[in-house]
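Written below as structure tokens is the structure these notes are about.
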Amino acid sequence: MGRGVRGCVFGVVLVLGVCLGGVASADEATLTAVEVLYHTNDDDKDHNTELFTTVRDNRGIEVARLDEHFGDDTWDDDEDDGPYGLTIVGRGTWTSMKGGRLVIRIHPQGGRGHDTWKFNVSATLFFSDGERRHAGGRNEYLDQNRQQIEIEII
């Protein structure tokens with residue numbers, strides 16, 4: 001094989017690799033927004049219980065958080081709250097968010113620091129290519145002894 005033919009073949013392979021590598025894939029889509037919706041079931045969140053909502057990628061790195069903590073709000077029985085938009089604070093991708101976690105934590109403040117909150121939760125993660133991932137839980141509860149849960153993002 002002459003020198004010119006080898007160079008041509010190498011050039012075609014290189015161009016093909018660049019072209020294929022340059023095609024946007026779902027793995028490269030970036031997280032653009034997160035929304036969370038809560039529904040209180042039959043035991044409210046007290047007005048003096050703070051709520052912390054974050055999203056972590058599959059390495060445990062925080063990528064989004066809800067800046068409002070609702071420490072002055074009672075969430076009554078059989079009430080929807082949200083959807084609330086979380087602030088994006090890190091880089092998330094389609095791949096890094098699969099198996100990540102929606103983290104929900106309460107901090108009861110009043111009385112003896114007691115509160116039981118029973119709820120359903122649904123979170124939607126939006127990506128730059130229009131795709132979505134979800135996390136959700138039904139019949140969840142948090143109280144002064146179980147102040148945090150983590151729900152897998154699928």
Side-chain angles (χ1 to χ4, degrees), residues 13-110 113-154:
V13 170
L14 181 61
V15 169
L16 184 59
V18 169
C19 288
L20 291 178
V23 174
S25 69
D27 291 347
E28 296 172 336
T30 57
L31 182 67
T32 58
V34 179
E35 289 184 349
V36 65
L37 173 66
Y38 288 102
H39 175 83
T40 299
N41 294 329
D42 62 352
D43 200 338
D44 66 4
K45 182 194 81 62
D46 291 349
H47 72 281
N48 52 9
T49 294
E50 293 180 318
L51 170 66
F52 300 87
T53 307
T54 59
V55 171
R56 296 181 185 158
D57 68 12
N58 56 22
R59 296 172 298 156
I61 298 170
E62 183 178 300
V63 296
R65 71 171 165 256
L66 185 57
D67 292 325
E68 174 64 45
H69 302 298
F70 309 101
D72 294 329
D73 298 332
T74 299
W75 287 5
D76 294 321
D77 295 359
D78 197 34
E79 176 180 275
D80 287 334
D81 287 285
Y84 298 107
L86 280 68
T87 302
I88 304 295
V89 296
R91 185 175 189 278
T93 64
W94 178 257
T95 300
S96 73
M97 296 315 301
K98 182 177 184 180
R101 299 280 190 248
L102 171 64
V103 181
I104 304 162
R105 181 172 54 90
I106 62 167
H107 184 233
Q109 299 275 348
H114 287 229
D115 188 13
T116 298
W117 177 42
K118 296 180 181 178
F119 60 96
N120 301 334
V121 61
S122 175
T124 304
L125 288 73
F126 300 88
F127 292 87
S128 58
D129 64 355
E131 292 293 321
R132 298 175 182 180
R133 287 201 182 278
H134 301 277
R138 295 191 53 75
N139 299 314
E140 301 288 349
Y141 79 93
L142 292 171
D143 63 22
Q144 62 279 355
N145 299 313
R146 181 179 191 242
Q147 293 187 14
Q148 179 173 303
I149 60 169
E150 296 185 12
I151 300 170
E152 185 175 7
I153 297 167
I154 54 173

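Keep in mind it's a predicted model, so treat the numbers as computed, not measured. Counting begins at 1 with the first residue of the sequence.
Between the side chains of N41 and N120, a donor-acceptor pair is found at a separation under 3.5 Å. Of the N and O atoms on the side chains of D78 and H39, at least one donor lies less than 3.5 Å from an acceptor on the other residue. A side-chain N or O of D115 and one of T49 form a donor-acceptor pair less than 3.5 Å apart. Side-chain contact check for Y38 and T53: at least one donor-acceptor pair (N or O, by modelled atom type) lies under 3.5 Å.
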### Message
Would V55 and L125 count as a side chain to side chain contact (heavy atoms under 4.5 Å, CB included) here? Give the steps.
### Response
CA-CA 9 Å; V55 171; L125 288 73; 4.2 Å; yes
### Task
Begin with the C-alpha distance, continue with both residues' side-chain angles, and end with the deciding distance and a verdict on side chain to side chain contact (heavy atoms under 4.5 Å, CB included) for L31 and T93.
CA-CA 6 Å; L31 182 67; T93 64; over 6 Å; no
### Message
One pair to check against side chain to side chain contact (heavy atoms under 4.5 Å, CB included): T74 and D46. What are the steps and the verdict?
### Response
CA-CA 5 Å; T74 299; D46 291 349; 5.8 Å; no
### CA sep, side-chain torsions, deciding dist, call: D81, L37, side chain to side chain contact (heavy atoms under 4.5 Å, CB included)
CA-CA 6 Å; D81 287 285; L37 173 66; 6.0 Å; no
### Task
Any chance you could lay out the salt bridge (Lys or Arg N to Asp or Glu O under 4.0 Å) test for E150 and R56, step after step, and finish with the verdict?
CA-CA 10 Å; E150 296 185 12; R56 296 181 185 158; 3.6 Å; yes
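To the nearest 0.5 angstrom, N139 atom CG is 8.5 Å from D42 atom CG. The line from OG1 of T30 to CG of D129 is 8.5 Å long, rounded to the nearest 0.5 Å. Interatomic distance, R132 CZ to E35 CD, rounded to the nearest 0.5 Å: 8.5 Å. To the nearest 0.5 Å, atoms CD (E152) and NE2 (H134) are separated by 14.0 Å.
Looking only at side-chain heavy atoms (C-beta outward), R133 and F127 come within less than 4.5 Å of each other. Between I149 and L142 there is a side-chain heavy-atom pair separated by less than 4.5 Å. Counting heavy atoms from C-beta outward, T124 and V34 have side chains that stay 4.5 Å or more apart. Side chains of H107 and F52 form a contact here, defined as non-hydrogen atoms less than 4.5 Å apart. Looking at heavy atoms from C-beta onward, I151 lies in side-chain contact with E140 at the 4.5 angstrom threshold. Contact of the W117 side chain with the Y141 side chain is not registered, since no non-hydrogen atoms from C-beta on lie closer than 4.5 Å. S128 has its side chain out of reach of E28: every pair of non-hydrogen atoms, C-beta onward, lies at least 4.5 Å apart.
Contact between G71 and E50 at its shortest, heavy atoms only, is CA-CG, 4.1 Å. In terms of heavy-atom proximity, D143 sits nearest to Q147 at O-CG, 3.2 Å. Of all heavy-atom pairs spanning I153 and R101, the tightest one is CD1-N, 3.6 Å. In terms of heavy-atom proximity, G92 sits nearest to M97 at CA-SD, 4.0 Å.
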For a quick test of your reading: what N or O donor-acceptor pairs under 3.5 Å do the side chains of residues 62-70 make, sequence neighbours left out?
from : atom 1 : to  : atom 2 : distance (Å)
E62  : OE2    : R65 : NH1    : 3.0
R65  : NE     : D67 : OD1    : 3.2
D67  : OD2    : T87 : OG1    : 2.8
E68  : OE2    : F70 : N      : 3.0
H69  : ND1    : L51 : O      : 3.2
H69  : NE2    : D67 : O      : 3.4

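Between the side chain of N58 and the backbone N or O of S96 there is at least one donor-acceptor pair closer than 3.5 Å. Side-chain atoms of K45 do not come within 3.5 Å of backbone N or O of F119 as any donor-acceptor pair.
Taking a 6.0 Å sphere around CD1 of I154, one finds it holds 12 or fewer heavy atoms contributed by other residues, nucleotides or ligands. Remark: D72 CG is loosely packed, at most 12 non-hydrogen atoms of other residues, nucleotides or ligands lying under 6.0 Å away. Annotation for R146: atom CZ counts as buried by contact number, over 12 foreign heavy atoms lying within 6.0 Å. For NE2 of H47, the number of neighbouring non-hydrogen atoms (other residues, nucleotides, ligands) closer than 6.0 Å is 12 at most.
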